[in-house]
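Here's the structure we're looking at; comments come further down.
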Protein chains: 2
Amino acid sequence: MPAVPAGEPGRNGDAPEAVRAKSIPEAAVARLAVYLRVLSGMSEQGATTVSSEELSQAAGVNSAKLRKDLSYLGSYGTRGVGYEVGVLVSQIERILGLTRQHKVAVVGIGNLGHALANYGGFPGRGFPVEALFDLDADLIGVPVGGLPVSHMDDIPRICAERGISIGVIATPPTAAQSVCDRLVAGGVQCILNFAPVVLQVPAHIEVRKVDLAVELQILSFHVARRADDAAGNQGNSGLPGAVVPAENGNGRRNGTGPDGGRGMVVRS
Amino acid sequence: MPAVPAGEPGRNGDAPEAVRAKSIPEAAVARLAVYLRVLSGMSEQGATTVSSEELSQAAGVNSAKLRKDLSYLGSYGTRGVGYEVGVLVSQIERILGLTRQHKVAVVGIGNLGHALANYGGFPGRGFPVEALFDLDADLIGVPVGGLPVSHMDDIPRICAERGISIGVIATPPTAAQSVCDRLVAGGVQCILNFAPVVLQVPAHIEVRKVDLAVELQILSFHVARRADDAAGNQGNSGLPGAVVPAENGNGRRNGTGPDGGRGMVVRS
DNA sequence: CGATGTGAACATTTTCACAGCA
DNA sequence: TGCTGTGAAAATGTTCACATCG
């Protein structure tokens with residue numbers, strides 16, 4: 001995605017496809033991460049091969065979609081048999097760029113930030129937390145999860161020094177944009193934003209947001225809609241029928257989407 | 001969405017459009033929640049009207065999309081002028097079902113659950129936390145955020161008694177499915193899942209997931225892709241050019257989508 | 001005149017359905 | 001025979017562009 005100077009993002013008449021090669025769909029990337037987790041679990045349980053049917057069941061998607069997604073990796077399956085778990089894991093890790101580490105900085109050591117910091121290195125390794133920041137004087141210097149908290153003013157310097165590539169914003173909404181700017185100044189390339197604000201960033205910075213309020217409101221919408229359906233409710237709607245994978249609609253895009261609530265979190 | 005008994009979700013040749021009326025796109029619903037937050041902020045600052053241009057800027061989408069989204073509410077704008085903030089707020093709240101309260105139960109009072117419980121009522125009111133659950137004997141009975149923690153075995157009974165409609169799962173992944181089943185048994189209609197597992201639920205239950213690992217891995221993918229682009233980097237890519245709203249791709253679907261890593265989360 | 005509301009063009013994503021290979 | 005890989009169709013979602021109306 002060639003960065004667009006300003007104004008409306010990506011506004012070009014026809015765009016002669018520029019340089020972009022094959023490029024794998026955003027939606028597929030998100031699912032690959034899920035497949036990876038499922039595959040890791042299977043691997044730990046000793047499985048060596050899986051069929052698209054099995055894997056798709058476990059991941060909660062249909063098999064056609066799964067195969068299409070995996071096809072973006074290349075052809076690593078064996079017709080009539082299935083896929084080798086180990087191969088799939090490697091290939092997905094390769095595509096997702098998990099073969100190298102991505103240093104993380106957590107800003108805002110409140111409830112959520114604290115939880116994240118205590119994580120002591122994010123999911124499945126590969127995302128070591130290497131810097132913590134806050135404004136609270138009482139927190140500066142205090143080790144959280146083994147790492148001392150630094151002052152937000154030092155974000156640019158410290159991020160640059162330590163080669164942080166991902167910044168996690170877990171501050172109150174009012175501080176978020178300022179923190180974001182400093183992270184960018186520090187050379188951070190991606191931001192995971194838990195604050196309920198729409199961040200303004202240069203085109204080359206990737207932002208993803210997690211917003212509790214938005215999630216709850218979307219659920220609220222569905223509850224409401226269900227109530228409306230109180231009409232032609234033929235067939236089997238509320239009947240405790242078969243149980244199937246959630247298969248909901250979290251295919252979030254990132255950008256401007258849902259933001260929301262207040263901030264907290266974490267768990268493993 | 002008529003519930004599909006079992007097997008592959010929604011597998012029907014052509015589906016004669018059944019009963020579904022107009023129905024507003026999932027993607028739009030997520031954005032409406034964002035508009036609502038932005039509008040609330042504007043309202044607090046005394047703004048009484050907004051143009052699609054202003055609002056879209058603040059929300060990080062383009063004006064056409066914003067107008068299309070708002071059109072699902074009905075026609076509440078004034079040509080040549082814009083929209084009345086108050087009207088928009090009311091209409092969005094109506095569509096999102098925010099005119100009534102949705103009682104929330106939080107399961108798993110660890111780092112995340114604790115943070116959520118302390119929230120003392122979720123974002124912008126409308127989502128009061130009315131029950132807390134955990135397995136830890138040391139926690140049972142202890143008030144967290146003013147509410148005593150109950151045992152997970154009592155999930156079905158208590159949820160039913162208190163009329164909980166939304167369950168938040170903040171437990172370790174191993175307990176998630178079991179908790180989910182009990183929430184469903186207790187009559188909960190929607191689930192917000194912070195555990196990195198694909199939940200199996202009856203078709204009439206709405207599930208949304210928040211997965212830190214998946215988010216980080218998606219960001220990792222973009223870092224990696226950026227590295228690859230190290231080729232024909234003409235134009236202005238890394239140049240600190242204009243700053244624009246994030247507008248990323250968090251348009252998550254929910255269902256079977258991205259799940260992910262280990263579990264953590266949240267904010268404010 | 002200026003901004004909304006929207007049909008139609010376009011783009012992306014999902015699903016189908018089946019050829020092809022182990 | 002059975003399952004992968006994929007072209008093509010269908011569905012969804014986004015953007016354009018402009019008629020319309022306050």
Side-chain angles (χ1 to χ4, degrees), chain A residues 1 4 7-15 17 20 22-32 49-57 60-84 87-88 91 247 249-253 255-257, chain B residues 1 4 7-15 17 20 22-32 49-57 60-84 87-88 247 249-253 255-258:
Chain A
M1 258 162 217
V4 175
E8 286 296 290
R11 171 57 36 64
N12 42 16
D14 52 299
E17 76 173 58
R20 71 162 57 184
K22 54 287 189 88
S23 141
I24 147 175
E26 269 284 324
V29 172
R31 288 189 298 266
L32 284 173
T49 62
V50 261
S51 66
S52 61
E53 193 51 49
E54 292 175 276
L55 183 51
S56 68
Q57 284 281 315
V61 299
N62 74 357
S63 59
K65 193 189 289 184
L66 175 94
R67 289 199 300 280
K68 180 74 85 177
D69 287 344
L70 294 185
S71 76
Y72 296 121
L73 305 173
S75 283
Y76 296 100
T78 305
R79 295 176 191 230
V81 181
Y83 303 86
E84 260 191 66
V87 173
L88 242 37
Q91 292 306 317
E247 173 75 73
N250 283 40
R252 67 174 52 176
R253 268 331 170 328
T256 288
Chain B
M1 267 168 208
V4 176
E8 286 295 295
R11 172 56 36 65
N12 41 16
D14 52 298
E17 77 172 57
R20 71 161 57 183
K22 54 290 193 84
S23 142
I24 146 174
E26 269 284 324
V29 173
R31 288 190 297 267
L32 284 174
T49 63
V50 261
S51 66
S52 62
E53 193 52 49
E54 291 175 276
L55 183 51
S56 68
Q57 284 280 315
V61 299
N62 75 356
S63 59
K65 192 189 291 184
L66 174 95
R67 288 199 302 278
K68 179 76 85 176
D69 287 344
L70 293 186
S71 77
Y72 296 121
L73 304 173
S75 283
Y76 297 101
T78 306
R79 297 180 191 227
V81 181
Y83 303 86
E84 259 192 67
V87 173
L88 241 38
E247 174 73 74
N250 282 40
R252 70 173 51 178
R253 269 331 170 325
T256 289

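Quantities reported herein were computed from a predicted structural model and do not represent experimental measurements. Below, read A as the first sequence line, B as the second, and so on, with proteins coming before strands; counting in each chain starts at 1.
Side-chain atoms of B:Arg79 lie closest to D:dT20 of the nucleotides D:dT6, D:dT15, D:dT20. Side-chain proximity of B:Ala27 to the nucleotides C:dA17, D:dG7, D:dG13 is greatest for D:dG13. Out of C:dA17, C:dT4, C:dG5, the shortest distance to the side chain of B:Ser75 is found at C:dG5. Closest approach to the B:Arg67 side chain among D:dT6, C:dT13, C:dT6 is made by C:dT6 (side chain taken as heavy atoms from C-beta onward).
Here C:dG5 presents its P atom at 15 Å from CD of B:Glu53, a figure rounded to the nearest Å. Between the NZ atom of B:Lys68 and the P atom of C:dC10 there is a distance of 15 Å, rounded to whole Å. As a whole-Å value, the separation of A:Lys65 NZ from D:dA8 P is 22 Å. Whole-Å rounding puts the A:Leu70 CG to C:dT13 P distance at 17 Å. Remark: P of D:dT12 and OH of B:Tyr72 are 12 Å apart, rounded to the nearest angstrom. Between B:Asp69 atom CG and C:dT6 atom P there is a gap of 13 Å when expressed in whole angstrom units. Atom CD of A:Glu84 and atom C1' of D:dC3 are 15 Å apart (whole Å). What separates CD of B:Glu26 from P of D:dT12 is a distance of 12 Å, to the nearest Å.
Here B:Arg31 reaches the OP1 or OP2 of D:dT14: one of its side-chain N or O atoms lies under 4.0 Å away. In this model, the phosphate group of C:dT4 is approached by a side-chain N or O of B:Ser52 to a distance below 4.0 Å at OP1 or OP2. Between B:Asn62 and D:dT14, a side-chain N or O to OP1/OP2 separation shorter than 4.0 Å is absent. Close to D:dC3, at under 4.0 Å from its OP1 or OP2, lies no side-chain N or O of A:Ser51. The side chain of B:Tyr83 contributes an N or O atom lying less than 4.0 Å from OP1 or OP2 of C:dG5.
For the pair A:Val61 and A:Ser56, the minimum side-chain heavy-atom distance is below 4.5 Å.
To the nearest 0.5 angstrom, B:Arg67 atom CZ is 6.5 Å from B:Tyr83 atom OH. A distance of 11.0 Å separates OG of A:Ser75 from CD of A:Gln91, quoted to the nearest 0.5 Å.
Comparing A:Ala28 and A:Thr78 along DNA chain C, the residue whose closest nucleotide (by nearest heavy atom) sits nearer the 5' end is A:Ala28.
Contacts of A:Tyr76 with the nucleic acid, taken as non-hydrogen atoms under 4.0 Å apart, involve only primed sugar atoms and P, OP1 or OP2.
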Working note: B:Leu70 + B:Leu32, criterion side chain to side chain contact (heavy atoms under 4.5 Å, CB included); need CA distance, chi angles, decisive distance, verdict. CA-CA 8 Å; B:Leu70 293 186; B:Leu32 284 174; 4.2 Å; yes
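Applying the 6.0 Å contact sphere to CD of B:Glu54 captures more than 12 heavy atoms from other residues, nucleotides or ligands.
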